[in-house]
Amino acid sequence: AYANDNDLSHSYIVSVSSLIPPTVCNRTRTALPQGPGKVSLEVLGRYGPCSKLNQGKSRNTPSLEEILRRDQQRLHLKNSRRLQKAIPDNFKKTKAFTFPAKTGIVAADEYYIVVAIGKPKQYVSLLLDTGSGITWTQCKPCIHCSQQRDPFFDPSKSKTFSKIPCNSTTCKILLEWFPPNGQDKCSSKECPYDIAYVDGSGETGFWATDRMTIQEVNGNGYFARYPFLLGCTDNNTGDQNGASGIMGLDRGPVSIISKTNISYFFYCLHSPYGSTGYITFGKPDTVNKKFVKYTPIVTTPEQSEFYHITLTGISVGGERLPLKASYFTKLSTEIDSGTIITRFPAPVYSALRSAFRKRMKKYKMGKGIEDLFDTCYDLSAYKTVVVPKITIHFLGGVDLELDVRETLVVESVRQVCLGFALLPSDPN
Amino acid sequence: SILLGNVQQRGYEVHYDVAGRRLGFGPGNCN
C-alpha cells in the first residue's frame with residue numbers, strides 16, 4: 001500500500017496516536033551524568049507535564065500558536081542584532097545614526113534549570129539560552145512581577161550581593177556593550193541595563209554581582225562562582241511563563257561560559273514525549289565521548305559570540321536536496337537552545353518542503369499553523385503513517401538523523417506539521 | 001543564515017567544546 005518511490009529504510013512507520021505528546025509527567029531516567037570535574041542538573045521543559053513552573057495547571061500553558069508566535073518574535077530580534085553588528089563602529093558613533101532595534105536578548109523558550117544565587121542560597125529557575133549572553137534574574141522589589149510564579153531573588157537577604165557602581169570601570173564597559181535604551185549613562189548610583197523585546201515588553205534593571213551556585217540534587221556535584229556578574233531585573237513587562245530569568249550560555253564577554261572556567265558543557269533536551277533532560281558542565285567520560293561526533297565551530301570575528309557550525313546538506317527519505325554543498329557552506333548556521341523551530345532560507349525551505357510533500361503525497365493535507373507551518377496533514381483517518389527520515393549533514397561527516405518527533409510538530413492528529421519554517425525576511 | 005532550533009536538537013546530546021572550538025552530537029534520548 002506504500003508509495004513506490006519511497007524506500008522504507010529511509011522512513012519511519014509510526015502509530016498516529018503516538019505522535020500526541022503525553023500530558024502526564026513520566027520520569028524514566030535514573031541517573032544524571034556524574035563523575036569528577038563535572039556537575040549535572042536536571043533540565044525541564046517549562047510547558048511540559050514535568051514543569052514545576054506550570055504547577056500542573058493547564059491554564060498556565062500557552063497554546064502552541066502562542067508559543068510559536070513568541071518564537072517568531074525572538075527570530076526578528078535576533079535578526080535585528082545581526083543587522084546592528086554589520087554596521088561599522090564609526091558609523092554608529094555619528095549623530096545621524098539611530099538604530100531602531102535595541103541590543104539585548106529576548107526570552108528563551110522551553111528549557112530551564114534551577115540554580116542558587118546569593119548567600120544564603122536562594123533558588124531560581126533560569127531558561128537555558130545558548131543564543132544570548134546575559135544571565136539575569138528577577139529581583140525584589142519588582143514593579144510588574146504578576147506573571148512570575150517562581151520565587152524571586154531578594155538581594156536584601158543575600159550577604160554577598162553587590163551592585164556594580166555607576167562610576168566604575170566595569171559599568172563603563174557594560175554600558176558600551178549593552179547600551180540601555182534612551183540613556184547612555186547612569187541615572188542613579190546603579191549601573192543600568194535594558195532588555196527590549198519586539199512585542200513591546202522588556203526588562204529594566206541593573207548590573208550586580210553575587211554568588212552563583214550550580215549544585216546537583218544529591219549534593220555531590222558542585223560549582224560556585226563568586227563574584228558572578230548578573231542582571232538584576234526590577235521591571236519585567238514580559239511574560240516569562242513562570243521562569244525567573246535566563247542563563248546566557250553564548251561565547252560573548254559576559255556569559256557564564258566566558259566568566260568561568262567552564263570550557264565544555266553538554267545537554268540533552270527531552271522531547272515532550274520523554275520525561276526530563278539534563279545539562280552537564282564539564283567534560284564527558286572518555287567512554288561516552290567516543291560516541292560523540294564533532295563539527296568545527298566557526299570562529300570568524302563576526303560569529304564569535306554564538307555557536308555557528310557549517311551545514312553541508314539535507315536529505316529527505318535518503319535523497320539529498322538538489323542544492324550544492326557549496327551553497328550550504330556559504331550559509332551561516334547557528335545552533336540555539338532558546339529557539340524552538342529550525343529556520344531555513346527560502347531556497348532550502350522550498351526544496352525541503354517539496355521533497356517532504358512528495359513523499360507524503362498519499363496523506364490529506366490539513367490546515368497550517370500561524371504563518372509558520374504550511375505543510376500540515378490531517379492524519380485522523382490513519383492508525384499508522386509512513387514519514388520520510390530527514391537527515392541534516394554537517395562539516396566533518398556529522399549526520400544528524402532526526403527522529404520522527406524531531407521532524408513533526410503536532411497540534412492534533414488533524415494538524416501534524418513539518419516542523420521546519422522559513423527564515424523571516426529582512427525585519428526592518 | 002540557518003537557525004537550528006531545539007526541536008531538532010532533542011534526539012541528541014549536544015556537546016559544546018568551547019575551548020576546542022567544536023560542537024558535537026552524541027547519542028541522546030536523555031536516558
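Excluded from the calculations below are hydrogen atoms, water molecules and symmetry mates; all remaining heavy atoms, backbone and side chain alike, are included. Labels below follow one simple rule: chain letters A, B, ... track the order of the sequence lines, proteins then strands, and each chain is numbered from 1.
Between the side chain of B:D17 and the backbone N or O of A:Y264 there is no donor-acceptor pair closer than 3.5 Å. Looking only at distances, a side-chain donor or acceptor of B:Q9 sits under 3.5 Å from a matching main-chain atom of A:D336. Not a single donor-acceptor pair under 3.5 Å links the side chain of A:S332 to the backbone N or O of B:S1.
Contacts of A:I392 with chain B are made by side-chain atoms alone, with heavy-atom separations under 4.5 Å and no backbone atom involved. Neither the backbone nor the side chain of A:T280 comes within less than 4.5 Å of any heavy atom of chain B. With a threshold of 4.5 angstrom between heavy atoms, A:F394 approaches chain B through side-chain atoms but not through N, CA, C or O.
Residues B:Y16 and A:Y307 meet the side-chain proximity criterion, which asks for heavy atoms closer than 4.5 Å. Taking 4.5 Å as the limit, some side-chain heavy atom of A:R251 sits within range of a side-chain heavy atom of B:V18.
Of the listed residues A:V398, A:I390, A:L402, A:D403, the one with more heavy-atom pairs under 4.5 angstrom with chain B than any other is A:L402.
Residues that satisfy the side chain to side chain contact (heavy atoms under 4.5 Å, CB included) test with B:Y12, not counting sequence neighbours, are A:L400, A:E401, B:F25. Partners of B:E13 according to the side chain to side chain contact (heavy atoms under 4.5 Å, CB included) rule, which considers only residues two or more places apart in sequence or in another chain, are A:F266, A:C268, A:Y278, B:H15.
A 6.0 Å sphere centred on NZ of A:K389 holds more than 12 heavy atoms belonging to other residues, nucleotides or ligands.
Note that CD of B:Q8 is 7.5 Å distant from CD of A:E406, once rounded to the nearest 0.5 Å. Atom-to-atom distance recorded for A:H270:NE2 and B:R10:CZ is 8.0 Å, nearest 0.5 angstrom. Here A:I335 contributes atom CD1 and B:I2 contributes atom CD1; the two are 12.0 Å apart, rounded to the nearest 0.5 Å. Here the straight-line distance linking atom CG of B:L4 with atom CD1 of A:I341 works out to 11.0 Å at 0.5 Å rounding. Rounded to the nearest 0.5 angstrom, B:L23 CG and A:H308 NE2 are separated by 12.0 Å.
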